[in-house]
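Residue numbering restarts at 1 for every chain, and letters A, B, ... go by the order of the sequence lines. Being a predicted model, the structure only gives us computed values, none of them experimental.
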Amino acid sequence: MSEEQVTVIKNKRKKFAEGPNFTEKKEYRPENVHETGLEFVGHEISDDGKVMNQFLHYDQLYTIRHGWNSRFFKGLLEGKIWGTRCPICGDTWVPVRTHCWNLDCNLAKTDWIEMPLKAKIHTWTIAGWSGRSSLKRLPIVLIYAVIEGSKVAIANELHCIDPWDVEFGMPLKIVFKPENERIGAVTDFHFEPDDDWSPSPTNEEKERIKKMIEPVYEWVKTMK
Amino acid sequence: MGFNMSRKICFVGGATTPFDYGPTGFESIEGGAAECIRETREDIPDFSLRDIDLMIYSHFSVHFGHQLCSEWIIHDHLGLVGVPQYRVENGGNTGGSALYAAVLAVMSGHHDVVGIVGWETMDSVTQSQGSEFIALASDIRYELMVGGIYPIYYAAMANKWMKDNNVTEEDVATIGAKNRNNAMDNPKAQWYRNEHKYITVDDVMNSRLISYPIKKYDCCLMSRGVAFALVCSEDYAKKVNPDGYVTIDGIGLSSCTIRAGDRLNFPGWTNRYGSNYPEMTEFGACRNSAEQAYKMAGINDPLKDIDFGEIHDAFSTSEAQIYKALGLADENNISQFLHDESTHMHGEIPMNPGGGLMGYGHPVGATGIMSAIECYYQLSGLIPKKHNSKKSEVPDVKCGIVNSHAGTGTSISNFIFRRH
């Protein structure tokens with residue numbers, strides 16, 4: 001291939017966007033996390049010798065490339081909640097949409113806007129069981145809340161409240177972890193009751209919920 | 001949407017392996033598929049594997065097996081090399097979506113005899129790890145790490161739904177007890193194979209808290225299991241199962257948001273059903289897909305026209321929410337509908353006589369197929385043969401509904417089956 005031909009091909013290349021250059025890199029993996037790949041680590045055989053099980057271990061590091069959603073997650077590191085807004089219909093969302101959901105807006109690209117750190121509970125639950133990585137934090141008050149101005153609700157935890165005191169529609173504030181503990185994930189923030197809110201007096205249902213949760217507190221105490 | 005109903009679509013046979021959660025692992029997935037087909041051939045001996053002209057595989061998560069394209073293992077094990085095949089994956093609605101695909105394939109006229117094999121091997125990991133795997137079908141960027149697993153999302157939706165509809169925990173607990181007790185007549189059911197006891201509403205109420213207002217016995221089971229079903233043209237149905245075949249007269253498939261919080265104010269719904277629907281409480285995709293299936297099958301009053309159903313009771317609360325989405329009750333009478341035990345064996349429209357997900361089990365890719373098979377057994381008079389007795393047989397049935405459901409209501413299908 002001559003030099004001239006190579007030049008022609010280079011000029012035709014369309015790149016759409018310049019590739020990012022990652023300069024700020026942080027690792028906070030626990031010491032026991034190792035990517036071992038696929039590895040058989042044991043087996044068992046039934047006493048009649050007819051059935052065998054084999055143990056396969058697999059541990060893999062994933063890169064979640066946030067791409068056009070990056071501003072939201074980077075915002076968490078800075079203690080900010082970013083939303084997006086359609087320039088045509090004005091609908092606003094957290095979680096964000098980079099293109100409008102309204103079919104008449106024909107996937108209009110949305111604008112970023114900083115959202116107020118205020119919200120209202122839409123619905124709630126008290127988890128007494130969860131995925132492996134969350135068990136020690138039980139019981140967890142998980143709520144769906146609408147951040148002021150958003151058209152949708154976002155899930156997160158509600159802290160600083162006795163679980164039985166949670167109410168539909170209660171006003172909330174968004175509180176971030178200390179800056180040095182943030183990782184750019186939704187766990188960087190949680191909801192807390194608004195300063196002006198106070199719980200209603202106890203009642204039969206609150207007492208019943210309290211009783212339902214008691215064993216969860218006991219169970220968590222026994223976890224290593 | 002137009003339907004060419006010149007071709008009737010038929011369901012002529014099917015079977016499942018026993019559903020269970022390890023460490024039994026009593027068969028391999030390909031062995032299980034083979035046994036399901038052998039059982040089907042006992043019911044309809046004129047059916048030959050040579051007649052199959054398309055295989056659709058129904059499997060949810062490669063995380064459970066650590067095997068990509070495990071359908072390839074099953075397909076050649078069945079001796080079907082050369083026969084076209086593909087896999088369908090659509091969360092909890094994988095089985096329903098595979099059935100939908102099979103119906104479309106026959107309806108198109110391009111295929112005549114379509115086999116469906118569904119399976120899941122959820123006992124390859126611990127229950128809590130399994131819950132987290134399933135939760136990978138939620139939006140992991142926003143929901144997984146905030147304590148989110150499906151029972152928690154469903155509990156949050158149900159908490160508001162129950163308040164808005166005046167439904168109590170005892171009301172929904174009747175469903176948790178009903179489906180497990182129905183499974184006591186079904187030897188392949190996980191509940192029958194393990195706990196094996198009749199339970200009461202009190203047992204459900206006293207079971208451990210999973211996520212308020214949902215308790216352990218309001219939740220379905222994690223399972224290993226395989227299922228096979230055969231969908232075909234009417235010509236073929238008349239050939240292999242002239243007396244027992246069932247027609248699939250209506251199908252519907254619809255979709256909703258992945259994150260439950262996003263369905264507030266979604267234009268796709270407000271355009272169809274007006275504002276404040278489906279809220280975070282109703283299953284819009286269930287209502288929408290039921291409407292499609294009802295229209296196609298000429299169902300005007302579902303409560304009168306449908307005799308029974310096999311529906312997706314991932315949680316007792318969601319089964320109650322599904323009743324409403326199917327149009328069996330509305331916000332004014334859903335509470336009474338539950339009090340009346342309308343969906344128990346003695347009720348107006350028994351639901352999940354086969355045990356459902358809570359009694360039979362929920363090996364995701366096999367689940368919707370299992371529901372369709374149980375519906376077929378009822379309509380073709382096979383219950384006394386397949387279950388232990390006639391106790392779980394709905395008498396004089398002509399029409400049943402099959403429902404398959406995914407995500408937080410993210411994808412839902414409905415099918416109307418009729419005795420021919």
>> Under 4.5 Å from any heavy atom of chain B, what part of A:I143 do you find: side chain, backbone, both or neither?
In response: neither
> Considering heavy atoms only, which positions within residues 273-286 of chain B lie below 4.5 Å of chain A?
Replying inline: B:E279, B:M280
> So what's closer than 4.5 Å to chain B heavy atoms on A:P215: side chain, backbone, both or neither?
Replying inline: neither
> So what's closer than 4.5 Å to chain B heavy atoms on A:E205: side chain, backbone, both or neither?
Replying inline: side chain
>> Between B:K163 and chain A, with a heavy-atom cut-off of 4.5 Å, which part of the residue counts as in contact: side chain, backbone, both or neither?
In response: side chain
> Within a strict 4.5 Å, meaning less than it, do heavy atoms of the A:W101 and B:P267 side chains meet?
Replying inline: yes
> So how far is it from A:I154 CD1 to B:E143 CD, rounded to the nearest 0.5 Å?
Replying inline: 8.5 Å
>> Can you give me the closest heavy-atom contact between A:Y58 and B:H66, atom names plus distance?
In response: CD2-CE1, 2.6 Å
> Of all heavy-atom pairs between A:A127 and B:S211, which one has the smallest distance, and what is that distance?
Replying inline: CA-OG, 3.4 Å
>> Please find the pair of heavy atoms, one from B:L209 and one from A:I126, that lie closest to each other, and give the distance.
In response: CD2-O, 4.1 Å
>> Closer than 4.0 angstrom, basic N to acidic O: yes or no for A:R97 and B:D262?
In response: yes
>> For A:H66, which atoms come within 4.5 Å of any heavy atom of chain B: side chain, backbone, both, or neither?
In response: side chain
> Got a sec: does the NZ of A:K118 have more than 12 other heavy atoms crowding it under 6.0 Å?
Replying inline: no
> Contact part of B:F266 toward chain A, heavy-atom cut-off under 4.5 Å: side chain, backbone, both or neither?
Replying inline: both
> So how far is it from B:C219 SG to A:W129 CH2, rounded to the nearest 0.5 Å?
Replying inline: 8.5 Å
> Minimum heavy-atom separation for A:H122 to B:L264, with atom names?
Replying inline: NE2-CD2, 3.5 Å
>> On a heavy-atom basis, which atom in A:T187 and which in B:M145 lie closest, and how many Å separate them?
In response: CG2-O, 3.3 Å
> Any sub-3.5 Å donor-acceptor pair from A:T123's side-chain atoms to B:A156's backbone N or O?
Replying inline: yes
> What are the two closest non-hydrogen atoms of A:S130 and B:I149, and how far apart are they?
Replying inline: CA-CD1, 3.5 Å
>> Report which part of A:N69 has an atom under 4.5 Å of a heavy atom belonging to chain B: side chain, backbone, both, or neither.
In response: side chain
>> Within the structure provided, determine whether A:W124 and B:K160 are in side-chain contact (heavy-atom separation under 4.5 Å).
In response: no
> Given a strict heavy-atom distance threshold of 4.5 Å, which part of A:W219 is in contact with chain B: side chain, backbone, both, or neither?
Replying inline: side chain
> Any idea which of B:Q129, B:R208, B:Q127 has the most non-hydrogen atom pairs under 4.5 angstrom with chain A?
Replying inline: B:R208
>> What part of B:A135 gets within 4.5 angstrom of chain A, counting heavy atoms only: side chain, backbone, both, or neither?
In response: neither
> Is it the case that more than 12 heavy atoms not belonging to A:W68 sit under 6.0 Å from its CH2 atom?
Replying inline: no
> Around A:W197, counting heavy atoms of other residues, nucleotides and ligands shown, do more than 12 lie under 6.0 Å from its CH2?
Replying inline: yes
> Is any side-chain heavy atom of A:V152 less than 4.5 Å from a side-chain heavy atom of B:N265?
Replying inline: no
> Do A:P139 and B:Y212 have side-chain heavy atoms sitting under 4.5 Å apart?
Replying inline: no
> More than 12 non-hydrogen atoms from neighbouring residues, nucleotides or ligands closer than 6.0 Å to CZ on A:R65, yes or no?
Replying inline: no
>> Report which part of A:V96 has an atom under 4.5 Å of a heavy atom belonging to chain B: side chain, backbone, both, or neither.
In response: both
> Is there a side-chain contact between A:I64 and B:I140, using heavy atoms and a 4.5 Å cut-off?
Replying inline: yes
> Got A:F189 and B:V146 here, is their nearest side-chain heavy-atom distance under 4.5 Å?
Replying inline: no
> Hey, is CD on A:E204 packed in by over 12 heavy atoms from elsewhere, all under 6.0 Å?
Replying inline: no
> What part of B:T270 gets closer than 4.5 Å to chain A, counting heavy atoms only: side chain, backbone, both or neither?
Replying inline: neither
>> Please classify the contact of A:F72 with chain B as side chain, backbone, both or neither, using a heavy-atom distance under 4.5 Å.
In response: side chain
> Which atoms of A:A185 come close to chain B, meaning under 4.5 Å heavy atom to heavy atom: side chain ones, backbone ones, both, or neither?
Replying inline: neither
>> Heavy-atom count check: over 12 atoms from other residues, nucleotides or ligands less than 6.0 Å from A:K211 NZ?
In response: no
